Amino acid sequence: MKMPFSSFLTFTLLSMQLSIVSGGKILVFPLDGSHWVNMKVIIERLHARGHEITVLRPSDSWYIKEESFLYTSLTLPCHGGFEENFDTYLSQQLEIRLQMKPESFWSKIWTQMQIRWVVLDQFTQFHKKVGDIITHMFENEDLMQSLHAAKYDMVLTDPGIGGGAMLARRLHLPLVFNARWTIHGEAHFLIAPSPLSYIPFTGTELTDKMSFPQRLKNVLSFFIGKLTLSYITDPSYKPIVRRFFGPDVDYSTFFLDADIWLMRNDFVFEFPRPTLPNVVYMGGFQCKPSTSLPADLVEFVQSSGDHGIVIMTLGTLVSNLPQDISEEIAAAFAQLPQKVIWRYIGPRPNNLGNNTLLVKWLPQNDLLGHPKTRVFITHGGTNGVQEAIYHGVPVVGLPLFFDQPDNLSRVKAKGAGVIVDIAMLNRHIFKEALMTVIYNSTYGDNMRTLSKLHRDQPMKPLDLAVFWIEYVIRHKGARHLQTHSYKMSWFVYSSVDVFTALLAAVLLVTFIWISVVRFLLRKIFTGGKIKH
Ligand SMILES: *[C@@H]1O[C@H](CO)[C@@H](O)[C@H](O)[C@H]1NC(C)=O
Ligand SMILES: *[C@@H]1O[C@H](CO)[C@@H](O)[C@H](O)[C@H]1NC(C)=O
Ligand SMILES: *[C@@H]1O[C@H](CO)[C@@H](O)[C@H](O)[C@H]1NC(C)=O
């Protein structure tokens with residue numbers, strides 16, 4: 001049968017539509033806050049492709065709205081306490097961070113220990129809340145029944161909390177992670193070989209080229225980090241696992257079980273490292289071309305002339321800097337010939353220059369994509385660094401907490417920005433840093449190179465992520481991509497048994513050889529004696 005081209009086209013279009021209509025059913029267990037912002041980018045695309053999405057959220061959820069055309073929400077009748085606690089968390093951390101002046105080695109160590117202590121306490125509280133939510137969820141028979149009955153195709157979750165992975169295990173569903181962190185730390189350290197000789201551990205701000213003392217620091221940080229993390233998470237998750245899954249179940253296997261890891265990493269600015277077949281890199285999936293600026297900003301940006309503009313934002317979490325620091329920043333801005341747009345909430349600094357515009361919110365992506373933008377001042381948060389790379393704008397980094405120092409130290413290692421220590425910040429240091437990045441073209445050039453590299457990929461990162469999610473739906477998982485290493489004891493994994501056997505064989509052979517030689521020598525010796 002011959003099909004005319006036009007009907008062939010209709011047929012193809014129809015079947016494409018059909019395949020869109022018969023989308024999958026995806027259960028999402030998200031992490032609230034800025035992680036949700038990124039999760040939503042993926043959900044939007046999945047929705048557009050016709051998948052049916054259900055999102056689990058606690059009743060006092062912060063960023064995750066109950067009503068949305070993108071998904072159906074299932075509200076758990078319990079409190080995550082995410083929002084009310086987060087502000088206090090951050091201001092506590094910021095306060096200590098600001099005291100961390102690198103004057104003496106010991107005072108630095110001391111403040112770092114203080115931060116560790118505060119973070120330890122805060123994260124313990126946080127995971128305890130998550131543990132409560134999971135317990136509520138599993139205890140609620142009706143809910144679990146209805147989740148079973150709904151016959152989802154897979155669970156999509158952020159392994160920064162333990163709930164999604166446990167839920168997938170409970171419902172026997174394929175599992176896809178939108179990951180960077182697991183509750184055990186940076187995700188690669190859990191799943192892939194990670195030699196500490198060239199892979200900097202989280203929070204060390206080291207690069208892949210380490211001197212002996214740096215490698216020493218790296219190894220020590222690794223062990224301290226591991227201990228700290230199990231101290232933080234074990235008390236919350238272990239009892240739940242014991243209660244709902246049995247006494248001998250190791251909860252790290254819940255994570256190792258994931259079918260696909262969608263990782264928010266970008267090797268354009270991170271250091272190359274070993275990885276695995278079920279890890280898919282989607283760094284920069286949230287980036288998109290800029291659109292035109294709102295009318296009120298257009299005029300301000302245009303008025304900057306050839307000098308261009310400077311943008312500053314410390315993200316959605318830190319709205320308030322101490323007044324003295326804000327004043328120093330304002331004073332540095334006032335001395336620049338550029339125009340400045342500063343996302344700032346709080347009392348207006350007294351010495352604000354007339355070149356500086358304070359805004360409560362700024363269209364970060366559209367400003368970064370604007371040709372007049374010369375430098376981006378960022379804390380190194382979720383989208384900032386990645387969007388700066390996407391648009392090729394060099395940065396001045398003011399890292400505050402979490403993995404922000406690491407993110408920015410990578411940008412610095414690539415020569416695409418400078419870092420200012422916020423505890424040491426004054427108007428001179430800050431202005432100097434800005435002038436360097438604006439007028440020394442190497443920073444901009446390096447960033448534009450990173451941008452070109454980032455954009456030169458066979459498939460857009462978001463399309464790649466969606467492809468693999470649909471792959472898991474089509475094939476009911478991706479077990480064939482998992483390595484067997486997860487099921488081995490450390491003993492077998494590192495071939496200790498094989499090496500021991502080989503060593504024993506070598507020793508045996510040596511022993512036999514020595515005995516034979518000794519026997520022969522004695523024979524010759526005694527034989528000679530007789531002859532004599
Ligand atoms: C802005 O301030 C500078 C220096 O203080 C001054 O020279 C300039 O005239 C001011 N511009 C406007 C538009 O007020
Ligand atoms: C650091 O950068 C990565 C990759 O862009 C991002 O996933 C992560 O959230 C960033 N860290 C923070 C604290 O935002
Ligand atoms: C620009 O910065 C680079 C990297 O820090 C440095 O090597 C170079 O000397 C600087 N150029 C000028 C003109 O200052």
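Remember, it's 1-based here, ligands and their atoms both numbered in the order they're listed. Keep in mind that this is a model prediction, so the values were computed, not measured.
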Are D158 and R264 ion-paired here, with the side-chain N under 4.0 Å from a carboxylate O? yes
Which residues pass the ring-ring contact (aromatic ring centres under 6.0 Å, His included) test with F123, not counting sequence neighbours? none
Electrostatic pair D32-R57, nearest N-O below 4.0 angstrom: no
Check T378, I419, N407, V385 against V395 for a side-chain contact (heavy atoms from CB on, under 4.5 Å) and give me the one that passes. T378
Near-ring test H188/Y281, centroid separation under 6.0 angstrom: yes
Aromatic contact, Y493 with W490 (centres under 6.0 Å): no
Please output the residues near ligand 3 using a strict heavy-atom distance under 4.0 Å, listed in chain and residue-number order. N440, T442, Y443
